[in-house]
Amino acid sequence: MKGRNALHLFLVLVFVNFPTLKAQESGNIYVIDSLLKFENSFHRDTSLVVQYNIKAYEIIQNGGHVDSSLKYTDLALSICKKTNWRKGFVITYFTISELDNVKGRYFSLINNALKVLTYADKNSDWQYYAFCLRSVGGAYLWLEKPKEALEYYNSFFSFSKNRVNQKFSTVHSKSLKTLSTTINDAYTEIGIVNIKLLNEGKKALENFEIASKRYAAIKDSFGLAYLGSYKALALEKFLRNKEAETGLDFSINYLKNHNGEYLLGDAYNNASQYYLKLKNFDKAEEYALLARNIAEKTGVFFSIRDANKILYEINKADGRYKDALEHHILYSAIKDSMSEVNFEDKMKVIRYEFDTENQKQELEKKILENQKKNYLIYSLLFGMVAALVIGFIVIRNMNYKRKLTEKEMERLQQERQLLATNSVLKGQEEERSRLARDLHDGLGGLLSGIKLNLSSIPGNVVLSNQNAQVFSKTITQLDNAITELRRVAHSMLPESLLKFGLKDAISDYCEGINQAGKLKIHFQTFGLDGFNLEQSTEITLYRIIQELLNNVIKHAEASEAFVQIVRTEGTLTITVEDDGKGFDSSKLRELKGIGINNIENRVEYLKGKMEIQTESGKGTSTIIEIKV
């Protein structure tokens with residue numbers, strides 16, 4: 001999909017919107033330096049935006065890094081913001097979404113494609129609008145979200161099909177041809193959703209057949225190779241194995257010989273999955289290893305993810321459980337890194353930003369309409385005595401509306417920041433909980449099982465004294481590992497906090513540090529008996545105190561620390577003091593790291609305030625107050 005989307009970007013930028021720009025016969029865009037020398041400021045700015053987008057695309061075409069391309073799109077965006085050029089926003093966010101696609105950053109792709117949909121006009125920018133609908137559908141496909149993927153593909157079809165049949169000028173004919181090819185690819189990708197995510201063989205074949213006929217009609221061999229290996233998975237469900245293997249061979253050979261490396265990893269994965277279903281483990285493993293190698297070379301993360309998943313299934317089916325576990329760990333790690341933990345919360349933030357941007361656009365349109373009306377009135381009454389009075393009223397109204405707009409935008413910004421902070425903190429706690437459960441229930445259970453199996457060996461095997469000592473030492477080390485694992489899991493998700501509340505949880509945490517012997521902590525509370533907070537608030541306070549004590553242990557070189565929680569009417573005060581080395585308070589801003597920032601974010605989330613008092617050689621005191 002990545003290679004074909006890059007072609008769409010090239011055609012949209014060059015042939016549709018800026019027909020004066022030319023492309024080399026090879027298909028690469030070259031830099032037109034003369035654009036940088038325009039004297040007229042308006043033409044210069046718009047030309048620079050185009051030029052920066054073309055340069056960003058050139059870097060990718062020539063094998064450069066996406067981050068280098070993003071430097072040029074940042075420059076383009078800065079000009080768009082200065083000139084408020086709507087078309088420039090459309091072009092630049094479209095380019096960034098395509099760069100996200102190359103990099104496999106699908107959440108960012110969705111975010112930037114939605115920005116294109118916000119700025120694009122459905123009539124004058126219909127190409128961008130259609131391509132972004134399909135790009136969002138593709139992002140959800142590789143994120144393995146079939147419902148959302150089908151929603152955007154259906155929107156793409158309903159918007160695009162009528163466009164292909166309309167008559168446009170010669171300038172638009174190439175873009176229409178590209179849109180027709182994009183429709184073919186969309187049928188293929190819906191088929192992929194059907195077979196890969198929903199296991200719907202019949203529907204998959206229906207969509208693949210439509211795509212095949214459309215590709216054949218325009219002699220698009222690359223498109224046929226794109227769908228061939230996926231179609232094989234659907235054919236296998238109906239025991240049409242000969243057709244399936246013919247399609248696999250065609251896809252693999254064509255992509256190998258026609259610079260189709262980005263798609264070749266998928267073709268190998270599909271071949272591996274096909275032979276796995278036939279229980280031909282040797283051939284399945286051969287193709288899976290080829291898929292992983294070429295995917296690592298091209299950096300296509302979802303192909304690496306799928307290859308490790310298939311290798312896990314092959315080794316598991318073949319009884320090689322150790323190798324299966326290794327591949328499953330790799331698959332899970334890549335899947336987590338691609339999908340991100342708090343998917344729903346992150347999509348809420350993206351959706352919120354999209355809706356906010358729409359509201360902003362509508363608000364700006366209304367202001368522009370009002371300005372036009374005012375200008376018309378001013379021009380009709382210009383020269384008359386009453387013009388001064390009307391002009392004064394117009395200016396006053398404009399200032400009033402501007403202030404209202406600024407206040408509204410400030411409110412929306414604050415709400416967005418609060419939602420983002422809430423989502424991040426919630427995601428962190430959910431991830432801590434998940435990891436704690438996985439460590440305790442998964443790895444803990446596995447280690448306990450290993451210990452049980454090892455413990456049964458001496459009764460069945462005669463060991464020498466030396467081997468018996470090694471065996472006993474191994475059992476002891478395993479016990480220590482299980483204990484340490486339980487300690488880590490308890491630290492990430494303390495049961496006492498959920499069962500008995502904040503006071504007992506902090507007390508247990510301090511006692512655990514005291515037992516280690518490196519730091520003596522004195523813990524006191526006043527006014528907490530019989531007082532309960534919301535669980536989310538208690539968890540946040542627990543994390544704040546945990547982070548403060550962690551900073552004391554890591555940086556303060558203290559021998560004693562004091563933790564005090566005091567509740568008075570309407571206020572909860574938390575004090576953490578140590579007798580450590582302290583630091584120069586004037587350099588606090590320079591010394592802030594991730595730990596202090598996390599504490600500040602949590603305090604801000606609770607709508608509290610924090611003060612740090614310190615001096616070199618005289619310890620540190622942190623005081624936090626929140627309303628309860």
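Residue numbers count from 1 along this sequence.
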Do the side chains of Thr73 and Tyr93 get nearer than 4.5 Å, heavy atoms only? no
Can you list the residues that meet the salt bridge (charged side-chain N to carboxylate O under 4.0 Å, His left out) rule with Glu615, with sequence neighbours excluded? Lys618
In chain order, what residues pass the side-chain hydrogen bond (donor to acceptor under 3.5 Å, both in side chains) check against Ser303, with sequence neighbours excluded? Asp266
Could you tell me the separation between the CD atom of Glu326 and the CG atom of Leu330, rounded to the nearest 0.5 Å? 7.5 Å
Rounded to the nearest 0.5 Å, the CG atom of Leu549 sits from the CD1 atom of Ile513 at a distance of 5.0 Å
Kindly indicate, with the supporting measurements, whether the criterion salt bridge (Lys or Arg N to Asp or Glu O under 4.0 Å) is fulfilled by Arg134 and Glu189. CA-CA 10 Å; Arg134 183 242 176 164; Glu189 287 157 19; 2.3 Å; yes
Would a 4.5 Å heavy-atom cut-off, applied to side chains only, mark Arg105 and Leu109 as touching? no
Is there side-chain contact between Lys627 and Thr571, with at least one heavy-atom pair below 4.5 Å? yes
Could you tell me whether the side chain of Phe131 reaches within less than 4.5 Å of the side chain of Glu98, counting heavy atoms only? no
Heavy-atom closest pair, residues Leu519 and Glu560: CD1-N, 3.7 Å
Cationic N near anionic O, under 4.0 Å, Arg86 to Asp125: yes
With sequence neighbours excluded, residues passing side-chain contact (heavy atoms from CB on, under 4.5 Å) with Lys196: Ile192, Tyr230, Leu233, Asn270, Gln273, Asp306
Side chains of Ile553 and Lys518, heavy atoms from C-beta outward: is any pair under 4.5 Å? no
Please enumerate all residues that pass side-chain contact (heavy atoms from CB on, under 4.5 Å) together with Val628, with sequence neighbours excluded. Phe531, Leu533, Leu572, Ile626
Enter the distance from Glu511:CD to Phe523:CZ here, rounded to the nearest 0.5 Å. 11.5 Å
Aromatic ring proximity, centroids under 6.0 angstrom, Phe94 and Tyr128: yes
Assign the ring pair Phe89 / Tyr119 to parallel, tilted or perpendicular, where the plane angle (0 to 90°) is split at 30° and 60°. parallel
For Asn551 and Thr620: C-alpha separation, side-chain torsions, deciding distance, then whether side-chain contact (heavy atoms from CB on, under 4.5 Å) applies. CA-CA 11 Å; Asn551 285 342; Thr620 302; over 6 Å; no
Only one of Val552, Asn514, Asp578 forms a side chain to side chain contact (heavy atoms under 4.5 Å, CB included) with Ile521, so which one is it? Asn514
Keeping the roles fixed (side chain from Asn154, backbone from Leu150), state whether a donor-acceptor pair exists under 3.5 Å. yes
Between Thr614 (side chain only) and Gly619 (backbone N and O only), is there a donor and an acceptor less than 3.5 Å apart? yes
Checking side-chain contact (heavy atoms from CB on, under 4.5 Å) for the pair Tyr106/Asp100: CA distance, chi angles, key distance, verdict? CA-CA 7 Å; Tyr106 295 115; Asp100 288 333; over 6 Å; no
Where is the tightest heavy-atom contact between Asn53 and Ala76, given as atom of each residue plus distance? ND2-CB, 3.8 Å
List in chain and number order the residues that pass side-chain hydrogen bond (donor to acceptor under 3.5 Å, both in side chains) with Glu200, two or more places apart in sequence or in another chain; answer none if no residue qualifies. Asn194
Without swapping roles, check the side chain of Asn101 against the backbone of Ser97 for a donor-acceptor pair under 3.5 Å. no
Dump the intermediate steps for side-chain contact (heavy atoms from CB on, under 4.5 Å) on Leu77 and Ile96, then the final yes or no. CA-CA 10 Å; Leu77 280 179; Ile96 296 172; 3.8 Å; yes
Contacts of Gln564 meeting side-chain hydrogen bond (donor to acceptor under 3.5 Å, both in side chains) (sequence neighbours excluded), chain-then-number -> Gln524
Are more than 12 heavy atoms from other residues, nucleotides or ligands located less than 6.0 Å from atom OH of Tyr331? yes
First locate atom CG of Leu606, then atom CG of Leu541, and finally report the distance between them rounded to the nearest 0.5 Å. 5.5 Å
Sorted by chain and residue number, the salt bridge (charged side-chain N to carboxylate O under 4.0 Å, His left out) partners of Glu296 (sequence neighbours excluded) come out as none
Can you check whether Ile329 reaches Asn308 side chain to side chain, under 4.5 Å on heavy atoms? no
Does Ile574 reach the side chain of Ile545, with side-chain heavy atoms less than 4.5 Å apart? yes
Test: Lys503 and Asp529 ion pair at under 4.0 Å: yes
Using the salt bridge (charged side-chain N to carboxylate O under 4.0 Å, His left out) criterion, which residues pair with Lys581? Sequence neighbours excluded. Glu557
side-chain contact (heavy atoms from CB on, under 4.5 Å) against Ile395, all qualifying residues, sequence neighbours excluded: Asn399
Heavy-atom pair with the smallest gap, counting every atom of Leu141 and Ala149: N-CB, 3.8 Å
Between Tyr321 and Lys316, what is the shortest heavy-atom contact and its length? CE2-O, 3.9 Å
Of the non-hydrogen atoms in Ile79 and Tyr52, which two are nearest, and what is the gap between them? CD1-CE1, 3.7 Å
With Met610, which of Ile544, Ile623, Ile599 fulfils side chain to side chain contact (heavy atoms under 4.5 Å, CB included)? Ile599
Distance col, row Thr525:OG1 vs Arg567:CZ, nearest 0.5 angstrom, shows 11.0 Å
Checking Glu534 now: which residues fulfil side-chain contact (heavy atoms from CB on, under 4.5 Å) with it, not counting sequence neighbours? Ser536, Thr537
Sequence neighbours excluded, which residues qualify as salt bridge (charged side-chain N to carboxylate O under 4.0 Å, His left out) partners of Glu625? Lys609
Using every non-hydrogen atom in the two residues, find where Tyr129 and Ala120 come nearest and quote the distance to one decimal. CD1-CB, 4.1 Å
Is there side-chain contact between Val136 and Tyr140, with at least one heavy-atom pair below 4.5 Å? yes
Drop me the distance from Asn112's CG to Ser135's OG, to the nearest 0.5 angstrom. 11.0 Å
Listing request: all ring-ring contact (aromatic ring centres under 6.0 Å, His included) pairs with a residue in residues 554-578, at least two apart in sequence or in separate chains. His522-Phe562
